[in-house]
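Working notes for the structure below.
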Amino acid sequence: MSTFALVCALFASALGGFVTLSLAMDRHYEDAHGRGRTPGPSRPWQQLGGAALLGLSLVAALRLRGLAMGWVLWLGALTAAALVVVGLVSYRPGWARRVGAVASVLGVATAAAYGLLLLP
């Protein structure tokens, strides 16, 4: 397995998960889509999708470094992804949707290509 591909899946799915979770919040959704709009009935699905993407990033980290160091790698990736999301949501909220969509697709596609979606 390619280390670079697993790191890509790890970071992209963490980034996509955090963007999805942030857009499930009223304030960030309004910033990205316009005032007066809310996620509405899609909120639980956004929360579920964001949590699933964060779980996928955990699986990638554990496959990459094992149980001992995988958790540390995952927390580092979460920190880096959260900082990127804070910057996106603060300065370019319209871009957050696009970046989150691309990161989510990239993370899931890379994970599927390397068999991370299958249980060991």
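Just so we're clear, the structure is a prediction, and the values are computed from it rather than from any experiment.
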Rounded to the nearest 0.5 Å, how far does CG of Leu23 lie from CZ of Arg97? 8.5 Å

Scanning both residues in full, the closest heavy-atom pair of Ala103 with Gly16 reads CB-N, 3.9 Å

Let me check something: do Leu75 and Val85 share a hydrophobic cluster, defined by ILVMFWY side-chain heavy atoms less than 4.5 Å apart, either directly or through other members? yes

Indicate, with yes or no, if Leu83 and Leu88 share a hydrophobic cluster defined by side-chain heavy-atom contacts under 4.5 Å among Ile, Leu, Val, Met, Phe, Trp and Tyr. no

Trace of the side chain to side chain contact (heavy atoms under 4.5 Å, CB included) decision for Leu54 with Ser13: CA-CA 6 Å; Leu54 291 178; Ser13 58; over 6 Å; no

Where is the tightest heavy-atom contact between Gly49 and Thr20, given as atom of each residue plus distance? C-CG2, 4.4 Å

Would a distance-only check, ignoring hydrogens and angles, find a side-chain to backbone donor-acceptor pair under 3.5 Å from Ser22 to Val19? yes

Check against side chain to side chain contact (heavy atoms under 4.5 Å, CB included), Phe18 and Leu78: CA-CA 9 Å; Phe18 276 135; Leu78 289 182; 3.7 Å; yes

Shortest non-hydrogen contact between Ser57 and Trp74, atoms and distance: OG-NE1, 2.8 Å

Count I, L, V, M, F, W, Y as connected when their side-chain heavy atoms are under 4.5 Å apart, and connections chain through other members. Are Val99 and Tyr91 then in the same cluster? no

Check for me, please, whether Trp71 and Phe11 land in the same ILVMFWY cluster - side-chain distances under 4.5 Å, paths through other members count. yes

Contact summary for Ala51 and Leu21, nearest pair of heavy atoms: N-CD2, 4.3 Å

Nearest heavy-atom approach of Arg65 to Leu73 is CG-CD2, 3.7 Å

Assigning hydrophobic clusters by single linkage (Ile, Leu, Val, Met, Phe, Trp, Tyr; side-chain heavy-atom cutoff under 4.5 Å), is Leu106 placed with Val59? no

Between atom CG of Leu62 and atom CG of Leu10, what is the distance when rounded to the nearest 0.5 Å? 9.5 Å

Which distance, rounded to the nearest 0.5 Å, do you find between the CG of Leu64 and the CE of Met69? 10.5 Å

Shortest non-hydrogen separation from Leu56 to Gly107 and the atoms involved: CD2-O, 4.0 Å

